[in-house]
Structure formats: C-alpha cells, structure tokens
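Atoms within a ligand are numbered from 1 in the order they appear, just like the ligands themselves.
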Amino acid sequence: MSEQATVNPQTMDNIVSLCKRRGFVFGSSDIYGGLASAWDYGPLGVELKNRIQRFWWREMTQLHDDIVGLDAAIMMHPRVWEASGHVESFADLMVEDTVTNERFRWDHLPQENRAKKVSPAGNPLSEPKEFNLMFKTHLGPVQESSSVVYLRPETAQGIYVNYKNVVQTSRVRIPFGIAQVGKAFRNEIVTKNFIFRTCEFEQMEMQFFVHPSEDEKWFEYWKQQRIESYRRMGINMDRIRFQQHGPDELAHYAKDAFDIQFLFPFGWQELEGIHNRTDFDLRRHSEYSGKDLSYLEDTTGERYLPYIIETSAGLTRSVLMVLSDAWEEETIAEGDVRTVLRFHPELAPITVGVFPLVKKDGLAELARNIERELRQDFATFYDQGGAIGRRYRRQDEIGTPFCVTIDYETKENNTVTLRLRDSMEQVRIPIAELSARIRQSIKEYQRVGA
Ligand code: GAP
C-alpha cells in the first residue's frame, strides 16, 4: 500500500472546506441554517457528478452491447415494496444513549459496546428497536391508507417491474442487462461523513438477467468488470478492495454479495455492492402482481425465471470517493505547498483553463478567441486576473488538467504555452495543434502521485 493510502480524518476536513470554498458542495438551505445531512451540488460539483455518471453510463451501455438503459419514476405502486420485501424487512436496529439521547445503528456499534449494551460515551443503551428506512408519503389530497406511496429506497425495483416491457420492445435476449441512474431515499438513523451517507442520494444500478445455471459465472464476471472500471477511472487501486458479506450480513434478497470498498479518509467503507439476487425479485413480483414474468428461450423452448446479478454503486458517494482519491497537498519547495485535485481528465469539471499573460496589447482578445474555439470540444474556463502562477494554482485546486497561456510570442508565431496540472510541465505548441494535443493527453492519461 502506498504511503498516502491511509486513514486521515484531517483530509476530510480539508475536502469539506475546499468543496464549500470552490463551489463543489454546499449545505442544503444554508441561509436558513441548513438541513442536517442534506447537500446541494454547486457549479463544479454538478459537473463532477455528471461526469462520473457519464463515465459509468458509457462503461455500462456504450461498451456493453447487451445492456440497455431505463429511467423509471421515483414513486411506484405501493405493492412493489411489499413484493420486494422492503415493507417487511428494510429496517435497521436503532438504539439510544439513555443519557444523551444520541441515536446509533446497532450494527455500526463496536462489538464491545453491543456486548455491554453501553454507548461510546459509556452510558446505558435502550433496547434495540426496528426502524424502517423507507420514506412514506401520500399521493393526492386525501391522506388515507390507500394513497400511501414510498420514495424508492433503491432504483432496482423500477428495472424489475419494467423487465417484461424491455424484453418485448427491445431486441435483448438473455443474458442482458438494464442500467439506470437516479435518486433514492432512505431515512437513515445516522447520517454522517459529509455526502457519504445521506437520506437523499443517487445510485447507478445495473441488473443483469441470466439463466439460473449461469449465475455464478456472471457474478464473477461482473465483480471483475466493476473493479477494473475503477482502474480505468484513474482511482488508486491501493484504496480499492473487495469485501464479501458473511451469512448474517446478506440482504433479504441475496444469495451472495461482495462490496467494493474504498479507503475513505475515515476508513474502509462500501462504495458499491455486487449482489446475486437469484430469482427472488421476479418471483415475488410475479406472485404479487399476478403477471407471468417468466422468460421464454426461443431457441430451446425452455421457460424460466431469470436470475439477476446486480451491480449497485452510489453516485453521490462516488463523488466523495473521487474527491478523496484526487485530493493531495504537494510540497513543491520549502514553504511552497500546492493543493491539487488529481482527477482523471475525463472527470475534471473544467478541462482547460485559458489565460492571457496580461490583459493589454490585444492578448485578452486573442485568448478569448482561442478559448471560444476550445469550448467547442472541451469544458473551458477563461481567467485574465492576477499573476499567472496564482491562476495555475487556482486551477490545480479544482483539478483542471490543462492550462493554456497566451503571451507576446503568441502574436509573433501563433504558439501558446500548454501547462500540465500533474507534472507542472510547460510546453510550447502551435495553436493549430492545441485541441489534438489535449485530446491525445486525455486518451493517454496515466495516474501520477499518490
Ligand atoms: N439495490 C441494491 C442496493 O441498494 P445497497 O448496498 O443498499 O444496495 C448500494 O446500496 C449503494 O448505494 C451503496 O454501495 C452506496 O454506494 C449507495 N448508498 C446506499 N445508501 C446510501 C446513503 N444513505 N447515502 C449515500 N449512498 C448510499
């Protein structure tokens, strides 16, 4: 493991502060004092989140011709959640410190506290109580039992109830997958660690439908695909590992499950789950809806309920993962430390910063024209204020991989300086080659640093 791949709570404070200062993430309804554990994504944060989503979507749909997309509604028929088992068993055990009234998830307390039934502060704990995590609301003006709806606690069910629609309307044949990105809601007992665990979050889920005899083969395939995807995203693989669920940890629907964990500044935590959900969901939806959800293998005439291999990653949690992984304080020289976010160039909110060395003598106009050209292909940012070194450092801090400086020599020979974030190397190149050079660098990107 590299020296940097360690737990460091201070890093978390630095990331939270950077996120607020530079417009990645703001506290929700800040001007009213905020809402506990709810967060808004600012101009840079929404770009980062969208790029992570796009990266995932491309990996799943564009690069796998056996996967199609879907976007289902957040609110679904309430019977969905009875069939899925969430009404009955999507609950955590909650305990309360009887002195301070602080609440804890029973399964998150250290074994020693559970054995002695004391809180981390040493006070007696209340008896564990079941707490269903689903948000309940009412559809329409009358609040009666028949109008109850839930905010979905996972996006997966929207895929299961549409599986027949997709089979009938697309040309997919088993094995195939359906991918979806969207909001999910859980009334978490304890939300903490910034955007890591929140009540409103986004998931990137893919459900892969297979013949029951092939579930283990595909489970293994998707485990490998998903871990390799983090390498392609430029994540430090010293900070990524698998963790298998023990028999007492398995969700009510799972035959086997592995988490992909990431070493966050506060320790190893789940980033994504890979689950073998068997035919649990389709069987239950068949029973509860009375609809036949079996699949007919047209080549053999065999009819069966497919098994489902699920890959389920948190999008908002991935934003924190990418930020934690990219954040670095690098000592350049004695007394000179820069903060740099070493994002993969495809994830960086801004790809190219464009600066005139000075505003006068026509350099600003020249730089503006170059920026307008680059804007057709890349996310750009134009800045003409302050010392050039400071402008570079401001871009380092938000992870901009390329900066272009226009100076007096540009007027003479149509060349500019291309400055690289990671190595801080500066190269002189013709304006005409700028786009191609940046595109090439993105393609050949190799992670450097911790
Ligand atoms: N459909 C399966 C499912 O939802 P999960 O392990 O409960 O499985 C999958 O959730 C992923 O969703 C997690 O690995 C995590 O990244 C994200 N996630 C779950 N609860 C979350 C929360 N309260 N806040 C942020 N992300 C969450």
Shortest heavy-atom approach to atom 16 (O) of ligand 1 - which of Asp259, Val190, Leu271, Ile159 =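 Of the listed residues, Leu271 has the closest heavy atom.
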query = If hydrogens are left out, which of Arg186, Glu205, Arg152, Glu200 has an atom nearest to atom 5 (P) of ligand 1, that is, the closest non-hydrogen atom?
reply =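 Considering heavy atoms of Arg186, Glu205, Arg152, Glu200, the nearest to atom 5 (P) of ligand 1 sits in Arg186.
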Side chains of [X] and [Y]: is there a donor and an acceptor less than 3.5 Å apart?
X: His285; Y: Gln157; result: yes
X: His211; Y: Glu302; result: yes
X: Thr339; Y: Glu397; result: no
X: Ser229; Y: Arg226; result: yes

Is [X] close to ligand 1, meaning an N/O of one under 3.5 Å from an N/O of the other?
X: Thr198; value: yes
X: Gly314; value: yes
X: His275; value: no
X: Glu270; value: yes
X: Ile195; value: no

Any [X] heavy atom less than 4.0 Å from ligand 1:
X: Phe185; result: no
X: Glu202; result: no
X: Gln269; result: no

query = Do the ring planes of His64 and Trp222 sit parallel (below 30°), tilted (30 to 60°) or perpendicular (above 60°)?
reply = tilted
request  = Give, for atom CE of Met321 and atom CD1 of Ile195, the distance between the pair rounded to the nearest 0.5 Å.
outcome  =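 If we round to the nearest 0.5 Å, Met321:CE and Ile195:CD1 are 11.0 Å apart.
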request  = Give a yes or no on whether the backbone of Phe264 and the side-chain of Asp325 come within a donor-acceptor separation of less than 3.5 Å.
outcome  =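 Answer holds: no.
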